[in-house]
Amino acid sequence: MKDSAANGQPTDERGPAEQEDTVQKTSLLALSRRSRRAEEQNLEEQNVDGRSDHFESGVETAEFAVPTPEAGAAESSEGAQMADGAEKRQGFKHWRRQRPFVGGVLAVLGGIELFFSGQLDLGNMQIQFGIEGLQATVVPITIVVLALLSIFRPTHHVFYGIIALVLAVYSLIGVNLGGFIIGMLLSTIGAILIVAWMGPRGSKDSEVAEGETA
């Protein structure tokens, strides 16, 4: 009996210690679970707050991205101006193709150069070569008029071009050496281009259509 009582004492002493250990473990587990739950709740709240902030920022950017009526009106006016400019350029290109434009411009420049070449004054000295008189003024003006007529009345371009060519060649001896040869060259090249003009050209679309039908 004593032995059994002696043997039972340590069992009774170990029992309360183990119970204390188990109580501490359970309390620690409970604390760890509570801390985990608190952390999870904090994370969920942060996620919800981040989503709400992102939604609000998206709404704000959407509000800023909404175009104002003034910006739309400005863009429409710019588009209309660009369209008008393109139409004007297209119209001028079409008008230029219907007449000997390049030859007429060169002849006009040559006539102007011939006219001013006979008006050179260096103080008391006036530079003139060839026959003096009215023809030094009449010939350049006539060339300019013929060139303008070939541009605005292209039906008789051959007639205008031949007369302008004759006057341009005659300016070599009649108008200050043909405006120091520069005016004569410009007028001669322009008159040749006027005579060699092959008639009005249609637009590219009409040419393509004619090629397909052929």
Side-chain angles (χ1 to χ4, degrees), residues 57-120 136-172 175-176 178-214:
S57 62
V59 171
E60 290 178 356
T61 53
E63 289 177 356
F64 285 115
V66 174
T68 59
E70 294 179 355
E75 291 178 357
S76 62
S77 63
E78 289 178 359
Q81 290 177 358
M82 292 176 65
D84 293 337
E87 289 179 358
K88 289 179 181 179
R89 288 193 297 271
Q90 190 68 25
F92 176 74
K93 188 183 292 185
H94 178 72
W95 178 83
R96 181 173 57 83
R97 288 178 178 177
Q98 303 302 315
R99 57 206 71 246
F101 184 77
V102 177
V105 170
L106 289 176
V108 168
L109 293 176
I112 292 171
E113 203 278 335
L114 286 170
F115 179 79
F116 286 104
S117 66
Q119 310 295 327
L120 293 177
T137 304
V138 172
V139 171
I141 292 174
T142 306
I143 291 174
V144 172
V145 171
L146 290 170
L148 293 175
L149 287 173
S150 67
I151 292 174
F152 294 101
R153 295 289 184 270
T155 53
H156 303 291
H157 66 94
V158 177
F159 175 70
Y160 301 142
I162 290 172
I163 297 176
L165 181 60
V166 171
L167 292 175
V169 174
Y170 177 74
S171 68
L172 182 63
V175 185
N176 204 12
F180 304 107
I181 302 175
I182 298 173
M184 184 196 70
L185 288 176
L186 288 173
S187 301
T188 303
I189 295 171
I192 292 171
L193 291 175
I194 291 170
V195 174
W197 184 59
M198 300 301 293
R201 292 182 297 172
S203 61
K204 292 182 181 180
D205 295 336
S206 62
E207 291 177 359
V208 171
E210 289 177 358
E212 289 178 356
T213 54

Not counting sequence neighbours, which residues clear side chain to side chain contact (heavy atoms under 4.5 Å, CB included) with V138? List them please.
-> L134, T142
Report, one line per pair, each donor and acceptor closer than 3.5 Å where one atom sits in a side chain of residues 81-91; sequence neighbours left out.
none

Any chance you could measure I112, atom CD1, to I141, atom CD1, to the nearest 0.5 Å?
-> 11.0 Å
Under the side chain to side chain contact (heavy atoms under 4.5 Å, CB included) test, which residues partner F92, sequence neighbours left out?
-> W95, R96, F101
d(L149 CG, I163 CD1) to nearest 0.5 Å is 9.5 Å
Interatomic distance, L114 atom CG to N176 atom CG [nearest 0.5 angstrom] | 9.0 Å
Is there a side chain to side chain contact (heavy atoms under 4.5 Å, CB included) between L167 and L146 once you walk through the steps?
-> CA-CA 10 Å; L167 292 175; L146 290 170; 4.1 Å; yes
Shortest non-hydrogen contact from Q98 toward P200 | OE1-CB, 2.9 Å
To the nearest 0.5 Å, how far apart are NE2 in H156 and CD1 in I162?
-> 13.0 Å
What pairs of donor and acceptor atoms, side-chain ones from residues 185-197 against any protein atom, are under 3.5 angstrom apart with sequence neighbours left out?
unit_1	atom_1	unit_2	atom_2	d
S187	OG	G183	O	2.9
T188	OG1	M184	O	2.6

On a heavy-atom basis, the closest approach of P100 and H157 is CG-CB, 4.3 Å
Quick one: CD1 on I181 to OG on S171, what's the gap to the nearest 0.5 Å?
-> 10.0 Å
For R153, side chain to side chain contact (heavy atoms under 4.5 Å, CB included) partners two or more places apart = Y160
